[in-house]
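Since the structure comes first, as structure tokens, the remarks are kept for the end.
Naming: A, B, ... by sequence-line order, numbering from 1 per chain.
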2 protein chains.
Amino acid sequence: MLDDRKKKVLQAIVEEYINTAEPVSSNALTSNHGLQCSSATIRNEMADLEKSGYLDKTHTSSGRIPSEKGYRYYVDELLKDDDISLEEIKYISSKLETKVNEIEDLTKIAANTISEVTHYTTVSIGPKANEQIIKDIKFILLGSRMMMAVILTDTGLVKETIIKFDEDVTEKQIETINYMFNKKLKGQPIEKIDRPLEEYLYDEMTYSVNVIKPIIEQIKKVLEDEQIYLEGANKSFDLPEFNSLEVAKNFVNVLDTKELMADMLNSGFADDIQVYIGDENPKEELKDFSVVTFKHKVNGKDLGTIGIIGPKRMDYSKVISVMKYINKKLKEIE
Amino acid sequence: MLDDRKKKVLQAIVEEYINTAEPVSSNALTSNHGLQCSSATIRNEMADLEKSGYLDKTHTSSGRIPSEKGYRYYVDELLKDDDISLEEIKYISSKLETKVNEIEDLTKIAANTISEVTHYTTVSIGPKANEQIIKDIKFILLGSRMMMAVILTDTGLVKETIIKFDEDVTEKQIETINYMFNKKLKGQPIEKIDRPLEEYLYDEMTYSVNVIKPIIEQIKKVLEDEQIYLEGANKSFDLPEFNSLEVAKNFVNVLDTKELMADMLNSGFADDIQVYIGDENPKEELKDFSVVTFKHKVNGKDLGTIGIIGPKRMDYSKVISVMKYINKKLKEIE
DNA sequence: GATTAGCAATCAAAACAAAAGAGTGCTAAA
DNA sequence: TTTAGCACTCTTTTGTTTTGATTGCTAATC
């Protein structure tokens with residue numbers, strides 16, 4: 001579709017613009033981008049690329065900037081996905097070697113590392129519990145009217161929650177409840193904690209609803225809990241596009257809306273790295289930004305999702321290279 | 001020190017400036033602030049107040065803005081601390097009635113409520129565990145090399161953590177460890193988890209250091225953990241002072257620095273509400289902002305600290321009134 | 001036929017200038 | 001002691017000009 005020189009010109013413009021944040025002139029490309037032709041020739045190529053929608057102008061006599069179609073072509077066809085230095089590899093490896101006690105922390109550490117290496121803002125969310133299989137449930141009495149439930153899943157996820165009762169509960173009762181819950185749920189996917197289970201337990205047990213109900217409700221609640229973590233929110237403010245108050249304000253608003261962030265991270269279906277450029281974002285509010293996400297999966301089970309959010313003029317090469325490397329490393333860990 | 005009319009003029013200027021964010025002119029005060037004199041008289045008073053350091057000018061022919069000394073005088077002597085409407089009282093009460101399973105959540109809810117009512121950004125931090133008395137410790141085996149420790153304190157605080165081992169641990173071992181830890185620590189302040197305890201346990205128990213050491217380390221770690229919560233970061237961006245990129249950037253940077261936020265919240269000693277205006281802040285980075293903090297305490301035990309961070313032109317009356325009311329309500333809860 | 005030098009045309013950004021307006025400080029009168 | 005009056009100061013706004021970067025087109029060149 002695009003001939004060789006046009007590809008080179010487009011790539012040069014995208015990369016130059018990613019570096020400088022200034023519209024790229026025909027002259028700027030003659031010097032150092034390995035294009036063996038004059039600025040006039042490049043101007044002709046640029047005019048063609050603009051006609052086909054890969055480039056935009058900010059005004060009649062300005063240099064060119066990539067359009068979203070241009071970025072998309074760059075991401076699909078032109079970028080290098082090994083744009084990562086030895087130092088970066090070493091740094092990432094050492095960060096991921098941190099011993100974690102809870103599997104959720106791994107995603108957090110990865111998100112933090114990505115933010116540090118790429119200098120972009122990252123957002124992360126923990127594992128989706130409801131895709132997982134219950135390995136064990138433990139109930140521990142913490143007082144006459146308070147207990148803790150601990151749920152272990154096949155992927156090593158541990159979720160715990162405190163449950164309070166309106167009446168006294170005995171150690172004996174907890175034991176029975178423990179037995180019944182495990183009998184019914186061990187080896188089952190988490191979705192099984194639902195209405196039929198509730199009814200079954202009411203039937204099987206002599207205890208009042210006052211005990212069973214809060215347990216089920218609270219367990220459901222904690223399993224649905226989605227904690228969002230933000231890393232390097234301030235980093236974005238050093239980018240020139242954030243000199244526009246409009247953009248900066250919008251950005252803070254977006255980051256502050258937890259539901260939006262959760263939707264953003266949950267919207268990617270695939271196992272692989274997803275790139276959303278501007279309007280490609282499912283969410284209207286993100287249309288001025290680019291988002292790159294990837295899911296950390298083990299045996300098809302979601303162990304958390306990380307998203308990078310930055311300007312459309314994002315360093316896709318670096319971002320994707322780093323994500324690929326982190327993804328590989330995470331897979332190695334378990 | 002200040003005569004009556006000067007107080008009135010200062011108060012009017014502070015309140016006017018808090019409302020409008022514009023330098024206040026002598027004319028603006030003649031109309032609606034109950035001052036029975038001409039603008040010329042007010043000009044004279046303003047010149048005096050400026051000479052004594054309560055007011056500043058942005059340039060020779062501009063209106064006046066309060067200096068930090070002016071704000072301080074206002075906060076100490078002039079503000080109303082019952083600046084809270086019936087609707088606000090109702091809203092706060094209803095929010096604080098939310099049933100919480102963990103005592104930490106109460107601080108979070110309070111911080112969220114304050115942010116919603118005042119429209120400022122709030123920061124909160126959970127209870128300081130190390131001031132508390134250990135009521136009970138429970139250890140639960142979650143696998144052959146993994147267990148959970150749950151620590152209960154006298155104030156109702158529950159802290160739990162997962163501990164992983166490099167060797168297999170039996171149910172029997174855990175029982176003994178459970179017994180020993182409780183024997184040694186029940187009724188003791190949390191600081192007792194220290195070197196002497198470690199040595200005692202090594203002596204008393206036949207288990208390898210590989211088991212005792214990770215337990216003590218991990219427990220210490222989780223008790224020191226300070227999670228910072230942010231509410232309404234975006235709200236500040238609607239204020240006119242945040243139209244300056246300099247200020248906005250600074251603000252995001254400050255909020256993003258967790259250690260700074262923790263220091264800020266931990267620096268207040270007193271039980272009561274603390275107001276730091278601009279340079280009064282212990283931290284250099286906060287010198288362009290005002291911070292109002294208060295500790296939620298029960299029986300002298302810290303149950304969390306909340307801070308409001310906003311422009312020096314903060315609505316101190318509203319903020320302090322709301323905080324006082326919330327403080328009272330929290331005390332009622334337990 | 002593709003490439004390039006040359007140049008007028010375009011437009012943003014910077015620099016400059018002028019006018020308007022808000023507010024003060026001071027003086028002198030009430 | 002208070003206030004009316006007014007010159008003076010300084011910011012803000014608005015308009016104009018200049019500068020400079022960059023393009024698109026044309027005609028010459030390879």
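- Residue A/R64 places at least one side-chain N or O closer than 4.0 Å to OP1 or OP2 of D/dG24.
- Whole-Å rounding puts the A/H59 NE2 to C/dA9 C1' distance at 14 Å.
- The backbone N or O of A/V24 sits nowhere less than 3.5 Å from a side-chain atom of A/R64 that would complete a donor-acceptor pair.
- If you take NZ of B/K51 and P of C/dT24, they are 15 Å apart, rounded to a whole angstrom.
- When heavy atoms are screened at a 4.0 angstrom cut-off, A/S26 is found touching the sugar-phosphate backbone but no base atom.
- When the side chain to side chain donor-acceptor pair (under 3.5 Å) test is applied to B/D76, the partners found at least two apart in sequence or on another chain are B/R72.
- Donor-acceptor pairing under 3.5 Å, judged by distance alone, is present between the side chain of B/S61 and the base of D/dT9.
- Between B/E22 atom CD and D/dC10 atom P the separation is 20 Å, expressed in whole Å.
- Checking A/A47 against B/A40, the closest nucleotide of DNA chain D that is more toward the 5' end is the one next to B/A40.
- In this structure, CG of B/L35 is placed 14 Å from C1' of D/dT2, rounded to the nearest angstrom.
- B/S39 and B/T30 share no side-chain donor-acceptor pair at under 3.5 Å.
- Residue A/R5 places at least one side-chain N or O closer than 4.0 Å to OP1 or OP2 of C/dT3.
- Residue B/S62 has no polar side-chain atom (N or O) positioned under 4.0 Å from OP1 or OP2 of C/dG23.
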Output one letter per nucleotide in nucleotides 12-19 of chain D: B when a protein non-hydrogen atom lies under 4.0 Å from the base, S when only the sugar-phosphate is that close, - when neither is. --------
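- Using a 30° and 60° split on the angle between ring planes, A/F237 and A/F251 fall in the perpendicular class, above 60°.
- At a threshold of 4.5 Å between non-hydrogen side-chain atoms, the residues B/Y316 and B/S290 count as touching.
- Enclosure of atom NZ in B/K95 by more than 12 non-hydrogen atoms of other residues, nucleotides or ligands within 6.0 angstrom is indicated.
- D/dT22 atom P lies 10 Å from atom CE of A/M46, rounded to whole Å.
- Rounded to an integer number of Å, the gap from CZ of B/R43 to P of D/dG5 is 12 Å.
- With DNA chain D read from its 5' end, the first of the two nearest nucleotides for B/T60 and A/S25 is the one closest to B/T60.
- For the pair A/Y91 and A/T113, the minimum side-chain heavy-atom distance is below 4.5 Å.
- Between the axis at the start and the axis at the end of the helix from C/dG1-D/dC30 to C/dA30-D/dT1 there is an angle of 20°, using five pairs per end and rounding to 10 degrees.
- Put simply, CG on A/N44 is 17 Å from P on D/dT22, counting in whole angstrom units.
- Between B/T118 and B/D315 the shortest side-chain heavy-atom distance does not fall below 4.5 Å.
- Rounded to a whole Å, the CD atom of B/E45 is 13 Å from the P atom of C/dG25.
- Put simply, the side chain of A/L79 reaches to within 4.5 Å of the side chain of A/S317, judged on heavy atoms.
- Proximity of A/R5 to A/E45: side-chain heavy atoms (C-beta onward) are separated by under 4.5 Å at one or more points.
- Distances shown here put a side-chain N or O of B/K57 below 4.0 Å from the OP1 or OP2 atom of C/dG25.
- Considering only side-chain N and O atoms, A/S38 lies under 4.0 angstrom from the phosphate OP1 or OP2 of C/dT4.
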